[in-house]
*Asks:* 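One structure is given below, represented as structure tokens, and several questions about it will come after.
Bear in mind the structure is a predicted one, so any value in this text is a computation, not a measurement.
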Amino acid sequence: IAKEAVITNKIWVINEGIIVDNSGKKDKFEAISFETNFDYIKINSLFSNLESLTILELYKQKKDFLSVGLTVSDLDIYINKIFSLPVSLMIFAVLSSILMLNVDFKKSKTLVVLSGILLSVIIYYIYYFFGLLGSNNKIPTLVAVWLPNLILFLSCIIGVVNINEK
């Protein structure tokens with residue numbers, strides 16, 4: 001416990017503190033130097049917005065998180081989401097094509113728009129639900145990201161078969 005710590009470089013200066021050892025003995029000190037691998041900039045970058053980082057920076061931050069002992073499940077989910085994005089976009093294009101090809105032109109355009117909005121909300125909550133399960137470590141992070149894509153892909157296959165039967 002210290003009153004002040006200067007962490008501008010990798011040698012931290014800790015002022016007016018107390019050191020507690022394993023046996024519970026407390027020693028007061030005026031100033032002590034502590035060498036570490038982290039400085040103020042690196043600590044702030046650990047808690048930055050993930051969307052502003054490149055893939056290489058994400059892997060570097062994952063290594064930093066592991067060295068400090070922080071959980072990396074959110075980083076793993078975000079990295080997998082980046083890699084699954086092209087697949088998701090392709091599935092969305094196929095799903096929208098199925099929706100448009102299955103609709104007769106005699107039906108109301110309002111009904112088509114409302115069904116598209118409802119479908120997009122359902123897809124959002126599927127991704128959100130699996131993301132929560134992955135970030136809470138209820139399911140593995142790979143499953144959390146790729147299972148919604150698999151579910152949507154299987155539903156696209158059913159839609160394509162229905163179109164093909166027409």
*Asks:* Hey, does Ser33 have a side-chain heavy atom less than 4.5 Å from the side chain of Trp12?
*Replies:* no
*Asks:* Let me confirm one number: the NZ-CD distance from Lys63 to Gln61, rounded to the nearest 0.5 Å.
*Replies:* 12.5 Å
*Asks:* Going by the rule side chain to side chain contact (heavy atoms under 4.5 Å, CB included), which residues pair with Asn162 if we only count those two or more places apart in sequence or in a different chain?
*Replies:* Ile158, Glu165
*Asks:* Indicate the atoms forming the closest heavy-atom contact of Gly134 with Ala144, along with that distance.
*Replies:* CA-CB, 3.6 Å
*Asks:* Going hydrophobic residue to hydrophobic residue with side-chain gaps under 4.5 angstrom, can you get from Val143 over to Leu132?
*Replies:* no
*Asks:* Give the intermediate values and the outcome of side chain to side chain contact (heavy atoms under 4.5 Å, CB included) for residues Ile18 and Asp27.
*Replies:* CA-CA 6 Å; Ile18 300 172; Asp27 292 327; over 6 Å; no
*Asks:* Is the shortest distance from a Lys or Arg side-chain nitrogen in Lys62 or Asp76 to a carboxylate oxygen in the other one below 4.0 Å?
*Replies:* yes
*Asks:* Is Ile55 reachable from Leu75 through a run of hydrophobic residues whose side-chain heavy atoms are each under 4.5 Å from the next?
*Replies:* yes
*Asks:* Cluster question for you: counting only ILVMFWY and a side-chain heavy-atom cut-off of under 4.5 Å, with indirect links fine, are Met90 and Val160 together?
*Replies:* no
*Asks:* Which atom names give the shortest non-hydrogen contact between Ser155 and Leu95, and what distance separates them?
*Replies:* OG-CD1, 4.4 Å
*Asks:* Looking only at heavy atoms, what is the nearest atom pair of Ala93 and Ser96, with distance?
*Replies:* O-OG, 2.9 Å
*Asks:* Can Leu89 be reached from Phe153 by stepping across I, L, V, M, F, W or Y side chains whose heavy atoms are under 4.5 Å apart?
*Replies:* yes
*Asks:* Between Ile82 and Leu58, is any pair of side-chain heavy atoms under 4.5 Å apart?
*Replies:* yes
*Asks:* Where do Leu99 and Ser115 come nearest, in terms of heavy atoms and distance?
*Replies:* CD1-OG, 4.2 Å
*Asks:* Leu56: what forms a side chain to side chain contact (heavy atoms under 4.5 Å, CB included) with it, not counting sequence neighbours?
*Replies:* Thr54
*Asks:* Of Ile91, Val161, Ile151, which meets side-chain contact (heavy atoms from CB on, under 4.5 Å) against Cys156?
*Replies:* Ile91
*Asks:* In a table with atom names and distances, give each donor-acceptor pair under 3.5 Å that connects a side chain of residues 116-130 to protein atoms at least two apart or in another chain.
*Replies:*
unit_1	atom_1	unit_2	atom_2	d
Ser120	OG	Gly116	O	3.4
Ser120	OG	Ile117	O	2.7
Tyr127	OH	Ser88	OG	3.2
Tyr127	OH	Asn149	OD1	2.3

*Asks:* State plainly whether one hydrophobic cluster holds both Val145 and Leu142, where clusters connect Ile, Leu, Val, Met, Phe, Trp and Tyr through side-chain heavy atoms under 4.5 angstrom apart.
*Replies:* yes
*Asks:* To the nearest 0.5 Å, how far apart are CH2 in Trp146 and CZ in Phe83?
*Replies:* 9.5 Å
*Asks:* Between Asn9 and Ile11 (side chain of the first, backbone of the second, donor and acceptor by atom type, cut-off under 3.5 Å), is there such a pair?
*Replies:* yes
*Asks:* Going from CD1 on Ile19 to NZ on Lys25, what distance comes out if it is rounded to the nearest 0.5 angstrom?
*Replies:* 11.0 Å
*Asks:* What's the separation between atom CD in Glu30 and atom CG in Asn15, rounded to the nearest 0.5 Å?
*Replies:* 8.5 Å
